[in-house]
Amino acid sequence: MLLGTVLVLLLAGAAPASAHAALRGTDPDDGSVVKRAPRHVTLTFTESVGLRDDSFRVFGPDQRRVHTDEATHADGRSDTARVGLPGKLAQGTYTVAWRVVSADSHPVSGAFTFSVGKPSATSGGIDTGPAEDPLTGGLHDAARYLAYLAAALLVGLAAFALLCRPADTAPLRRPLVAAWWTLLGSTVVLLLLRAPYETGTGPAGAFDASALGRTLAGRPGEALLARLVILLLTAAFLIRLSRRRGSEERPAALAIGTVLAAALALTWAAAEHASAGIQVPLAMTSSVLHLLATGVWLGGLVALLLTLRRPAAHDLPEVVPRFSRIAFASVTVLAVTGVYQSWRGLGSLSALTGTSYGRLLLAKLAGVFVLLLVAGYSRRWTRRIAAPAAVTRAAVHERVPQPVGAPALHQEPEELQEPEQARESDEPRKPRGSDEPREPRDSGAPGASAEEPSASDGSRDTRRLLRRSVLVEVAVAAVVLMITTVLTGTLPGRAQAEAAQQAPAGALPPTTQATVPFDTGQESVTGRGTVQVTLDPARVGENGVQAVVYGSDTGLVVVPEVRITFTLPSRKVGPIDAELTDLGGYWGTNSVNLPLAGNWTMKTTVRVSDVDQVSVERKVRIAP
């Protein structure tokens with residue numbers, strides 16, 4: 001049962017697909033050579049994207065920026081981005097730098113090249129603008145983590161007070177206020193940093209009024225603004241709740257608190273990962289339930305820890321079992337929603353180990369496993385604390401018949417506390433059998449007094465052990481929540497697979513790049529190493545071949561000759577010599593004609609001296 005729970009919780013905190021928009025294709029194709037200058041540049045993504053004023057920056061062969069039109073969506077499709085180019089473009093290679101905002105609020109950027117007429121003879125480094133400012137990114141990530149943590153505490157502490165009903169809620173008030181202020185402050189920081197985070201600039205851009213106006217007009221800004229409004233309503237609700245403690249108002253308080261918590265969770269679901277990809281309505285519902293269950297469980301652990309620290313917590317036998325039941329229900333919700341979100345995000349089991357998203361998910365599994373292991377120990381101490389309450393309830397329901405005039409069972413403790421003179425004066429008025437229970441107690445007083453401290457010590461030990469295990473749970477939960485925050489910024493396997501399967505026609509298929517190791521037997525840097533061969537586009541017809549030689553120290557090396565030939569044994573074609581030429585740092589050609597599709601044998605020969613050379617063969621797939 002525990003193993004099954006761990007497996008379904010493997011992805012319990014996983015973010016739904018898609019974490020980012022992935023580039024599906026470009027027009028013109030990346031690295032292509034067109035005869036005529038295109039009228040516009042078009043990008044296609046795996047999900048809808050938002051455009052900015054500087055979504056495109058086009059640089060010409062002279063490395064100067066080319067004037068372009070305003071970026072728009074092509075043919076009204078929200079998953080595309082298009083920019084118009086000038087009527088006449090000079091011959092040479094152009095670099096296109098782009099930056100858009102995914103539907104899930106994460107900015108993505110990149111660059112590609114195309115050539116008009118023929119490629120430029122030389123190309124220097126072009127500054128395509130910032131990809132991301134490290135300080136802005138770090139502050140934004142820290143604010144996101146604090147927001148997740150504060151929301152979990154706010155929801156969990158309030159739910160613990162309303163559902164578990166501890167007699168004294170004073171220990172929860174200060175952490176509840178701190179969680180509210182932390183969530184408010186982190187939300188304000190996220191709102192201010194939104195503009196520089198999207199543009200990849202420094203934190204100083206947060207104080208640009210025009211940029212803030214554009215942020216508030218976008219969906220992420222609207223969600224953050226709605227979160228601020230909900231926090232103000234939550235503050236009013238908590239203040240009113242603290243002033244009115246009537247049990248008759250608890251159902252209304254639970255209803256209002258549930259609505260506010262769901263609305264708060266919706267501000268994440270509506271602007272982040274659940275809002276993009278497949279099955280958006282179901283994904284948003286799952287995301288809201290997932291966030292609420294996370295808060296009730298993890299925030300409730302903190303509330304339980306604070307309750308256990310009370311010096312006189314006589315209600316623990318009632319409070320602890322209530323939280324145990326609530327925590328079990330929360331874990332069940334996390335399991336169901338986590339499995340769905342994991343399927344939606346990964347897409348395949350191979351992505352679990354073959355992508356960064358999947359490897360982070362495995363780290364999440366390790367954290368959840370430790371968390372459940374510690375929770376098992378906590379449950380053991382919980383049962384011990386709940387045992388006295390169960391015995392008391394059983395005693396109340398099981399009434400033992402007493403003789404007429406005998407004292408009630410619940411009055412016995414008061415009798416034992418009366419002075420000795422009072423007991424003697426009352427003795428004639430009591431039935432004859434009333435002395436019988438008292439004699440053993442007087443005679444056995446030393447034994448009774450020795451037993452009571454022993455039970456008290458056992459109770460204190462149990463509370464101390466439960467407090468320690470809950471403290472470990474809280475620490476592990478904080479780490480799991482941090483991994484979850486990182487997951488929300490990682491491209492899921494499903495989106496990565498979609499981008500790979502629907503790559504543009506001019507893109508390099510996965511089989512077109514091969515690393516060929518060689519060893520001539522010489523004890524030198526050039527005596528052994530690797531050749532990285534790129535075949536472009538690995539299709540029938542004209543192909544380009546580039547070969548870069550690395551030495552044993554993984555650095556670039558210069559060798560006298562690199563020769564590559566292609567043979568198709570099944571059709572008895574070849575060998576076809578690629579006739580590579582030294583292009584200054586690497587060997588290459590753009591005119592290798594491979595006439596048939598199939599699995600070709602690529603033979604790479606590396607000559608490191610006049611007499612030392614080695615040949616290595618590799619299979620490459622040539623598509624139709």
Side-chain angles (χ1 to χ4, degrees), residues 18 20-61 63 65-87 89-103 106-120 123 125-131 200 276 491 495-513 534-539 541-544 546 590 623:
S18 299
H20 296 290
L23 182 63
R24 178 179 294 172
T26 65
D27 182 18
D29 295 334
D30 183 13
S32 64
V33 179
V34 296
K35 295 181 179 180
R36 297 180 181 179
R39 299 180 58 183
H40 48 253
V41 172
T42 305
L43 306 181
T44 305
F45 298 89
T46 56
E47 65 179 47
S48 59
V49 295
L51 304 177
R52 302 185 54 83
D53 295 338
D54 57 347
S55 286
F56 285 95
R57 295 181 302 278
V58 182
F59 301 88
Q63 302 184 16
R65 186 167 178 175
V66 177
H67 176 73
T68 59
D69 298 336
E70 182 179 356
T72 60
H73 293 293
D75 302 324
R77 293 174 51 190
S78 60
D79 61 344
T80 62
R82 171 176 289 179
V83 64
L85 299 175
L89 294 178
Q91 182 175 277
T93 301
Y94 290 80
T95 302
V96 180
W98 54 269
R99 187 179 184 87
V100 296
V101 181
S102 303
H106 293 286
V108 288
S109 59
F112 68 97
T113 62
F114 69 92
S115 301
V116 177
K118 64 178 182 179
S120 301
S123 59
I126 297 178
D127 182 10
T128 58
L491 180 67
Q496 184 173 336
E498 289 178 359
Q501 292 174 359
Q502 305 182 39
L508 297 178
T511 58
T512 59
Q513 193 172 73
T534 303
L535 184 62
D536 177 14
R539 297 179 182 276
E542 293 290 332
N543 284 267
Q546 295 83 37
N590 290 322

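For this chain, numbers begin at 1 and follow the sequence in order.
Every residue two or more places apart in sequence or in another chain that forms a side-chain hydrogen bond (donor to acceptor under 3.5 Å, both in side chains) with Thr42 is listed here: Arg82. With sequence neighbours excluded, the residues satisfying side-chain contact (heavy atoms from CB on, under 4.5 Å) with Val58 are Val66, Thr68, Leu85, Tyr94, Val96. In terms of the ring-ring contact (aromatic ring centres under 6.0 Å, His included) criterion, residue partners of Phe45 (sequence neighbours excluded) are, by chain and number, Trp98. Listed by chain and number, the residues in a side-chain hydrogen bond (donor to acceptor under 3.5 Å, both in side chains) with Ser115 are Thr93 (sequence neighbours excluded). When the salt bridge (charged side-chain N to carboxylate O under 4.0 Å, His left out) test is applied to Asp79, the partners found at least two apart in sequence or on another chain are Arg77.
Between Asp29 and Phe112, the closest side-chain pair of non-hydrogen atoms is not below 4.5 Å. Counting heavy atoms from C-beta on, the side chains of Pro61 and Gln91 never come closer than 4.5 Å. No side-chain heavy atom of Ser55 sits less than 4.5 Å from a side-chain heavy atom of Val83. Contact of the Val108 side chain with the Val100 side chain is registered, since non-hydrogen atoms from C-beta on lie closer than 4.5 Å.
Between the CZ atom in Arg39 and the CG atom in Leu89 there is a gap of 12.5 Å [rounded to 0.5 Å]. Annotation: the span from Thr72 atom OG1 to His40 atom NE2 amounts to 9.0 Å, rounded to 0.5 Å.
Minimum heavy-atom separation, Val34 to Pro38: CG2-CD, 4.2 Å. The nearest pair of heavy atoms linking Pro28 to Thr26 is O-OG1, 2.9 Å.
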*So Phe114 and Val41, side chain to side chain contact (heavy atoms under 4.5 Å, CB included) or not? Walk me through it.*
CA-CA 10 Å; Phe114 69 92; Val41 172; 4.2 Å; yes

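Proximity of a side-chain donor or acceptor of Asp30 to a complementary backbone N or O of Thr113 within less than 3.5 Å is detected. Formation of a donor-acceptor pair under 3.5 Å by the His73 side chain with backbone atoms of Thr80 is found in this model.
Within a 6.0 Å sphere centred on CD of Glu70, other residues, nucleotides and ligands contribute 12 heavy atoms or fewer.
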